[in-house]
Protein chains: 2
Amino acid sequence: MGTTKTDLFTAKQNEIAILAKAMGHPARVAIIEYLLKADKCICGDIVNELPLAQPTVSQHLKELKNAGIIKGNIEGNAICYCINEKTFHILKDYFTKTATVLKQQCC
Amino acid sequence: MGTTKTDLFTAKQNEIAILAKAMGHPARVAIIEYLLKADKCICGDIVNELPLAQPTVSQHLKELKNAGIIKGNIEGNAICYCINEKTFHILKDYFTKTATVLKQQCC
DNA sequence: AAACTTTATCGTAATATTGCAATATTAAGT
DNA sequence: ACTTAATATTGCAATATTACGATAAAGTTT
C-alpha cells in the first residue's frame, strides 16, 4: 500500500487534499511566505532564504508547481516563481466556506 | 531521511504545515465534510460513510485529532467526533490573510 | 567556444504514510 | 460473568516522502 485510494473519493475532495498536501510541509509554507513578501521571486533567492540544499528546494518547488499552487516563468537563465492566484483561492474559498458552516456542533 | 527538518522553520510555519498536512488526504477531507453536514458525528457513522476499512478510518481520525482539527468525546461505548473550531479557524485565517496579500505579483 | 551561473534531475538512504487483517480494549446490555 | 457492539492498536507489506551529493541541462558572459 502506501498509495492513496483517490478513486474512492470525489474530484473536489481529491483537489482539496492535493492542495492541502502541497502546503503540508514547513519548507513549502516558507516558500509561499517568501513569494508573498518578495518583490522579485527568483528561484535562487528562495534557495538562499531556505535552510535546505538546492536540490531539496527545487523538489519542493516542483511539488508546489505540480499542485498548481505556484507557476514558474523563465527569465534568462533564472526562473521566476510566483503564486498561482486562481489555485490559491480554491484553498481560501474552501476553508472560508467550511469555517462558516461551523456553527452548531454537537460536542 | 524521509524526516522533515521542523527545527529549521518557525513555529507558525510548522503549525500551518501540520494542519495542512492533516487535510492532505481525501479521506480526511471527506471526514471533515461529513462532520460538517452530520447532525450526529459518531465514529461508526463515519466508518460506514467512508469506503475504507474500519482500522484505516480510525487511523485517519487519529491523525486529524493529533493535528487538533477534530476532537472526540466518549458517549457510552461510541465516540462523538467533532471539528475543533479554534484549530480550523487557524487554517481559515491563514489562507484568508495570505490570499488578500496576493495583489501585485511579478509574473 | 570556454567558463560561469542557475536550476533540474538522478540516484540513493532513511523515514513516513497508507491500508488492512487480526486482535485488543472498553462499555453496554443480558 | 458472558456476550455483543464500538473503537483502538498492533503488525506488516507496499509505496511515498524527505533530503542531499553528484551530475546534467540551459542560458549568460567573457
Side-chain angles (χ1 to χ4, degrees), chain A residues 1-9 13-14 17-31 34-35 40-67 70-82 107, chain B residues 1-9 13-14 17-18 20-31 34-35 38 40-67 70-82 107:
Chain A
M1 321 276 153
T3 325
T4 298
K5 294 190 162 181
T6 50
D7 52 309
L8 300 178
F9 301 96
Q13 286 165 348
N14 280 305
I18 285 169
L19 297 181
K21 191 177 185 180
M23 295 297 297
H25 192 290
R28 298 196 286 268
V29 173
I31 289 171
Y34 178 78
L35 292 184
K40 291 174 186 171
C41 42
I42 302 298
C43 177
D45 298 345
I46 301 171
V47 170
N48 291 333
E49 183 87 355
L50 292 201
L52 294 171
Q54 180 267 322
T56 308
V57 174
S58 184
Q59 199 173 262
H60 282 305
L61 286 166
K62 190 181 176 184
E63 274 170 75
L64 283 169
K65 208 169 97 184
N66 284 345
I70 65 171
K71 45 189 173 180
N73 282 48
I74 298 167
E75 287 197 2
N77 64 342
I79 293 187
C80 172
Y81 277 111
C82 296
C107 319
Chain B
M1 320 274 155
T3 324
T4 298
K5 294 191 163 180
T6 50
D7 52 310
L8 300 177
F9 301 95
Q13 285 166 347
N14 280 304
I18 285 169
K21 190 177 186 182
M23 294 298 296
H25 191 290
R28 298 196 286 268
V29 173
I31 288 170
Y34 178 77
L35 291 184
K40 291 173 186 173
C41 43
I42 301 299
C43 176
D45 298 346
I46 301 171
V47 171
N48 291 332
E49 184 86 355
L50 292 201
L52 294 171
Q54 179 266 323
T56 308
V57 174
S58 184
Q59 199 174 265
H60 283 305
L61 287 166
K62 190 180 175 183
E63 273 170 75
L64 284 169
K65 209 170 96 184
N66 284 344
I70 64 171
K71 45 188 173 180
N73 282 48
I74 298 168
E75 288 198 1
N77 62 342
I79 293 186
C80 172
Y81 277 111
C82 296
C107 318

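Heavy atoms only: backbone and side chains are in, while hydrogens, waters and symmetry mates are out. Chain letters run A, B, ... following the sequence lines, proteins first, then strands; residues in each count from 1. What you see is a predicted model; the values in this text were computed from it and never measured.
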Exercise for the section: Verify side chain to side chain contact (heavy atoms under 4.5 Å, CB included) between A:I46 and A:L35, making sure each step is shown before the conclusion. Expected result: CA-CA 8 Å; A:I46 301 171; A:L35 292 184; 3.9 Å; yes
Practice task
Kindly indicate, with the supporting measurements, whether the criterion side chain to side chain contact (heavy atoms under 4.5 Å, CB included) is fulfilled by A:Y34 and A:D45.
Solution key: CA-CA 9 Å; A:Y34 178 78; A:D45 298 345; 3.0 Å; yes
Handout entry: Protein-to-nucleotide contact annotation, 5' to 3' order, nucleotides 25-30 of chain D [B base; S sugar-phosphate only; - none; under 4.0 Å, heavy atom]
Key = --BS--
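Comparing A:K5 and A:I79, the nucleotide of DNA chain C nearest to each residue sits closer to the 5' end for A:I79. For the pair B:E63 and A:A78, nearest-nucleotide mapping onto DNA chain C gives the more 5' position to A:A78. Between B:L8 and A:T3, the residue anchored nearer the 5' end of DNA chain D, judged by the nucleotide with its closest heavy atom, is A:T3.
When atom types are taken as modelled, the side chain of A:N14 and the backbone of A:T6 share a donor-acceptor pair closer than 3.5 angstrom. Between the A:R28 side chain and the A:M23 main chain, no donor and acceptor come within less than 3.5 Å of each other.
Rounded to an integer number of Å, the gap from CG of A:L50 to C1' of D:dC20 is 15 Å. Computed from coordinates, the B:I18 CD1 to D:dT18 P distance equals 13 Å when rounded to whole Å. For the pair A:L61 CG and D:dT18 P, the interatomic distance rounds to 13 Å; values are reported in whole Å.
On the nucleic acid side, DNA chain C contacts chain B at distances under 4.0 Å to non-hydrogen atoms, with the end points of that region at C:dA13 to C:dA28.
Minimum interatomic distance between B:L61 and B:C43 (heavy atoms only, all atoms of both residues): CD1-SG, 3.6 Å. When all heavy atoms of B:L52 and A:F9 are compared, the pair lying nearest together is CD1-CZ, 3.9 Å. In terms of heavy atoms, A:L50 sits closest to A:A30 at CD2-CB, 3.7 Å. When all heavy atoms of B:A17 and A:P26 are compared, the pair lying nearest together is CB-N, 3.3 Å.
Note that CD1 of B:I31 and CD of A:Q13 are 10.0 Å apart. Values are rounded to the nearest 0.5 Å. A:I79 CD1 to A:I74 CD1: the interatomic distance, rounded to the nearest 0.5 Å, is 5.5 Å.
For residues 51-59 of chain B, proximity to DNA chain C is found at B:L52, B:A53, B:P55, B:T56, B:Q59, defined as any non-hydrogen atom under 4.0 angstrom from a strand atom.
An OP1 or OP2 oxygen of D:dA19 is reached within less than 4.0 angstrom by a side-chain nitrogen or oxygen of A:H25.
Note on B:K21: only backbone sugar-phosphate atoms sit closer than 4.0 angstrom, heavy atoms only; bases stay farther off.
Looking at B:H25 and B:H60, their side chains come closer than 4.5 Å, going by heavy atoms from C-beta outward.
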